[in-house]
Structures are given as structure tokens and as C-alpha cells.
S.K.: 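One structure, pasted below without further comment.
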Amino acid sequence: MSSPSETTDTGTDAGEARTGVIHDLGYRPYGGPRLGEGPVAWSFFTTGLRNTYGLGRSARSKVLPMILLGLMLLPALILVGVLVQAKNILDLDEQIVAYSTYPLTTQLLISVFVASQAPALISRDLRFRTITLYLARPMRRSVYVLVRLASLTVATFVLIGAPLLLMYLGGLLADLPPGRETGRFLGAIVGAALLAACLAGLAALVAALTIRRGLAVTAVIVVLLVSYTVVSTIQGIAVGAEQEVVGEVAGLFSPYTLVNGLQVFLFDSPDATPTPPSSDAMGVLYVVATLLTVLGSIGGLMLRYRKVSP
Amino acid sequence: MGVIETSGLTKQYPRVTALDHLDVTVGEGVTGLVGANGAGKSTLIKILLGLVPATSGSATVLGHDVATDGGRIRALVGYMPEHDCLPADVSASDLVVHMGQMSGLPYAAARERASDVLRHVGLAEERYRPIGGYSTGMKQRAKLAQALVHDPRLVLLDEPTNGLDPSSRDDMLALVRRIGREFGIAVLVTSHLLGELERVSDHVVVLDGGRLLRSSATTDFLHATGSLLIEVQGRPDADRLLGQALVDAGLVARPADGNLIEVEVRDETTPDVVRDLTVDLGLGLVRMQERHHRIEDVFREGGAGSVQPV
Ligand SMILES: Nc1ncnc2c1ncn2[C@@H]1O[C@H](COP(=O)(O)OP(=O)(O)O)[C@@H](O)[C@H]1O
Ligand SMILES: [Mg+2]
């Protein structure tokens, strides 16, 4: 059958000439192990996470996420340098910028990262219809959605958490009280995880609804930046008008102010917004709103993908 | 037990009945699924993969129920969609490795299988370039490779020749036949081009408006109405020489358009008789193919007035 000289039908001539010598190796069936749902989902997760930072993709895809990661780390590095070198001169006994304040200061970088990577991870499969190739494999549709979201969330968490880790290590190096520092850092890490989950969930939902890449990037940027700008403007005005409650309610409508408020309420972090939740009721509202944002975007994604035809 | 068995399979969309009480059995080897656009071919394939639920009736693939065991089926089956599904920005090699992993192959095995399979489909150096720059023929090969990477027991190929020029189409059909005969993988392959698949299929199923029009072995076609078209070269009167020799050998042969000879198939040895006589006469056999109008005849007999033979 596979003898190269046997050309009984006209069609194979060109094909055989092209594949040449290699052809007569013949087809080898696969008898090795086949992995189950868990390991496949894990491999899908790590591939997505790596791709978010451009690893395993073209050199060009690495540029933006790596620059953003660098820009996120740079201020932390400088702060640590100052803390370690000039702690005594400046009479410092805590971090120069609080852990929980850092994500607000760098919100533009974080938003750009999420806006550029959510479409790469989410819209891309829909736009090229590569999703069909996934759906035609054993992985269930809901697992596909959750794993994609997990890759984006963890990638965002790494971006937000890396400078915090740097600051924490710098704090220990500068002999800040280790117990207090560790407590604050852990609170900040929980906050970073929740912020990453909110941002990734919202961005993934927008990206899944906006299949065209350019549009998806713009839409996520608009949603995150505009909401933050509007919220912080309202909070500023509310403080001036001594209507703090208005500012506190407004704070629910941007992931950055929302999660920061949650950190103030749950972990007693220093205020980073003009109007953090001041009552227990408002604090609980912040916690509930955070959970609703995460669960709501997961639910929205599930509904969206139910409509995707194979 | 057939590879695929359906019983009363029906798919009702709001406006159309895509499949209408379909009873078919598909065995090993290559089965052609033929029908005009809208006949229900793609719908049948998606139901068989467990991606689209049937309205009523049942189907099994490799002994598994499509309604309850979709995941198991998709682990054993490869699917080549009819529409574009390839991301433009990755190479065929990377994509096929990834899809192998998504089908449960460990990374090293996926790499090895991807390399084998890309060679079999005839993608050479270009496999390392981004798919965005591929011709339609190369894209179809990449789509086929991802359907084969996990060494499935059955492949469902939806219109693999769509959009191909005649020579790429012949290459693709030759590949389809090799998958069924040499690779030992059962194949269900669809086409809206009547008469295209009977050359490579052991069995042909004809759908019309979601209903089974005919299901029969291609050898049945040959015995019933079959004839071969033969083209020889080597001398100006080569066709008349061979025609005479065939008649002398007791076969029914007559001249056909374009210096071809049409010979009626008596039994499965007829092609060998033709080949031997050609060699004896010192002529070159350019082409020997089954006459292509037979599936169109099936449609005419079936009274499917809407079907346009191509
Ligand atoms: N998702 C869908 N919703 C509504 N109608 C559909 C859908 N998919 C297919 N159809 C209809 O079902 C019929 C069969 O379609 P299809 O299976 O794609 O045919 P084929 O693949 O043979 O061209 C067509 O009339 C088509 O319009
Ligand atoms: Mg179709």
C-alpha cells in the first residue's frame, strides 16, 4: 500500500512527490497514555497563563505585557530602595506607600494589561472560531470558560501581586516589624486576588461580547478607566460637599475603589480613596458587591458561551 | 456493531427540519455523506459529536450514546469543521501540538504525533509559519492534521474539499482514502459536490432535505451501473488499440468523449484486466476512474428535483 512507486490513482501523484521520502514511514498509531479532564484543564490553564505574558507566542506579543510588568515593578523597586537605604534618615517605620494603595496608584497600567490580554485570550477563540476545535474535544464548555477566566485572573493577579511581594521582601530587609508586615501583606494579597478576579471577570465578559479585537480592547479600557475616573471624581466632590455617603455608594462602581473599600473594611488597611465605607452596613455592601461582581461575570460568561454554536 | 448508528434521528430547528427520522449505519472504512447544501450533513456531524442535541431519535458513535456520552465520543473522534477555525497568529505546528494536548496527549507525545501527522497531511517547512499566511489548501491540511493528532478511531470530515482547486482537491481526496485504508481510521466525509466522493468511499450515504435518500456500498454502484473511464497514451491510436483489446478480452468497451474509453465493470478484477492489457500493449495508463454521474443518477431516481449536479 505505502510503496512509493505504486501510483494507482491519479490524485496522489502530486501529494506523494511533495511529501517525498518521508511518506513510506507509514502511519504509526498512538498507544501511549491519555490524560483525563483534570490534567487537560491544567495544561489548558498554564498555556493560557503563559500566553498572557506572550510566552509561547511571537516576540511581538511579549512586548506589551512585559513592559507593563516592568512598569508595575519599577515604583516598588524604587520605594524598596529608599526604604532600605534611608529608613533611619527619614525615620520610617512602615512602607512608604501602603500595600492596598499601590493598585490604585498603578490602576492605569493594570487596566491596560487586562484590556490588551482579555481579547487575546477570550475574543480570539471566538473571532477565529477556534472554539469549535475545543468544543469538539472532551473538555466541557463550562470548563473551557472557567479555565480561560482562571488564566486571565491569575495573570492579572501576578501583575498586581508581584510589586506587593517586592515591597514585602524589601520591608523585611529594612527590619520593619515582621509580624505586622506579614499581616498587612497577606491582607493586601487577598485584596489583589479579589481585584484580579473582578477585573478579569468584567474584562472577559466584555471581550466575549465584543469579538473584534480592536473594539474589545477599547471597550475594556473604557469600562475600567471611565468607571474609575467617574467614581473618583464623584468621591472628590462628595467629600467637598460633605456628602460622604454618596461617595461611598459611588465607590461600589469601580473595581479599584470597590476592592480597596473592602480591604479598608475587612483588613483595616489605610484609606486610599476619599470615601471608604464608614459604617458596617456599607462595609458589608462592599463585600457583597465584590462577590456579586465576580460571580455575576462568571454567570454572564456562561450565558454568553451557551449561545456559541460549534 | 457499526461505527455510527442512528435510529429515527430527528433535528428540528424553529424553521426547518434539518434531519428527518434518519436511520443510517456507518461501518469501518471510508463513508461518503453526500447531499446538497442544507441537506443536514453538518447537523448530523454535530449531533454525532454530542455538540448539538437531537430533537428525537437516538444515535451511537463507537458504541457510545451521543446524548449522554459526548465527552467519551469526542475523545475517540477527530473533527474537521467545514468553516474556518484556525487562528491566524500561530503556526500549524504549535496549534496541532496544543490540540493534541487538549485531546489528552502528554506534551512530549503531542509534539511527536503533531510532527508525524503534519508530515502525513503534507505540510512541510510551512508548518512553522503563522497560519494566517497559508493558502486554502494548506489551511485544509492543517485542519485535517488537528483532527488526526490524537490518533482517533473515527474522523468526521465536513467538506474537506471545499474551496480547493482541482489538483488540491485530488490531493485531499487521496489523503482521505489513505486515512481510511492505510491509517485504519474510520472516516465519515461529506461533500455537496455530487460524484466527488464515490471514488474514495467504500460506502455512500445520500441525504436530501434531512432524509436518507440512499445508503449503499460503492461496489453496489459499480455492479449495478458501473463503468470505468480510461485514458491511455503512448501512440496516436492508443485508445482504439486498448478498446479492441478489451473487447477481445470479453469486456464491454466503447469510445467516450475526449479520446477516453469507457469500459463496463464486470467484477472487481476489471481494473486489473485494464491495467494488464495496457502494459501488454506498451501503452501508458494516464487515468482510470469510475464514471462520475452515478450519484447524480441516484438523485434523479430518487426524484430530488432541487438537487443540482455539479
Ligand atoms: N443553528 C441553526 N439554527 C437554525 N437552523 C439551522 C441551524 N443549523 C442549521 N440549520 C438549518 O438546518 C438545515 C441543515 O443545515 P446543515 O446541516 O448545515 O446542512 P449541510 O451541512 O448539509 O449544508 C439548513 O436548512 C440550515 O439552514
Ligand atoms: Mg454543511
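The chains referred to below are lettered A, B, ... by the order of the sequence lines, with proteins before strands, and numbering in each begins at 1.
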S.K.: Indicate yes or no for a side-chain donor-acceptor contact from A:Arg137 to the backbone of B:Met99 under 3.5 Å, with no hydrogens or angles considered.
M.R.: yes
S.K.: Pick from B:Leu105, B:Leu49, B:Val200: which one has the most heavy-atom pairs with chain A under 4.5 Å?
M.R.: B:Leu105
S.K.: Taking heavy atoms only and a threshold strictly under 4.5 Å, list by residue number the residues of residues 79-89 of chain B that touch chain A; give 'none' if the list is empty.
M.R.: B:Tyr79, B:Pro81, B:His83, B:Asp84, B:Cys85, B:Leu86, B:Pro87, B:Ala88, B:Asp89
S.K.: Between A:Pro39 and chain B, with a heavy-atom cut-off of 4.5 Å, which part of the residue counts as in contact: side chain, backbone, both or neither?
M.R.: neither
S.K.: Which heavy atom of B:Pro106 sits nearest to which heavy atom of A:Pro33, and what is that distance?
M.R.: CD-O, 3.5 Å
S.K.: If you take all heavy atoms of A:Pro138 and B:Ser103, which pair is closest and at what distance?
M.R.: CD-CA, 4.4 Å
S.K.: To the nearest 0.5 Å, what is the distance between CG (B:Asp116) and OH (A:Tyr27)?
M.R.: 8.5 Å
S.K.: Not counting sequence neighbours, which residues clear side-chain hydrogen bond (donor to acceptor under 3.5 Å, both in side chains) with A:Tyr134? List them please.
M.R.: B:His98
S.K.: Spell out the residues in residues 149-163 of chain B that have some non-hydrogen atom less than 4.5 Å away from a non-hydrogen atom of chain A, in order of number; otherwise answer 'none'.
M.R.: B:Val149, B:His150, B:Asp151
S.K.: Contact between A:Ser43 and B:Met102 at the side-chain level, heavy atoms closer than 4.5 Å - yes or no?
M.R.: yes
S.K.: For the residue pair B:Val52 and A:Pro310, what are the closest heavy atoms and their distance?
M.R.: CG2-CG, 4.1 Å
S.K.: Which atoms of B:Leu148 come close to chain A, meaning under 4.5 Å heavy atom to heavy atom: side chain ones, backbone ones, both, or neither?
M.R.: backbone
S.K.: Do any of residues 111-130 of chain A have a heavy atom less than 4.5 Å from a heavy atom of chain B, and if so, which, in residue order?
M.R.: A:Arg124, A:Phe128, A:Arg129, A:Thr130
S.K.: At what distance, to the nearest 0.5 angstrom, does OH of B:Tyr107 lie from OG1 of A:Thr46?
M.R.: 11.0 Å
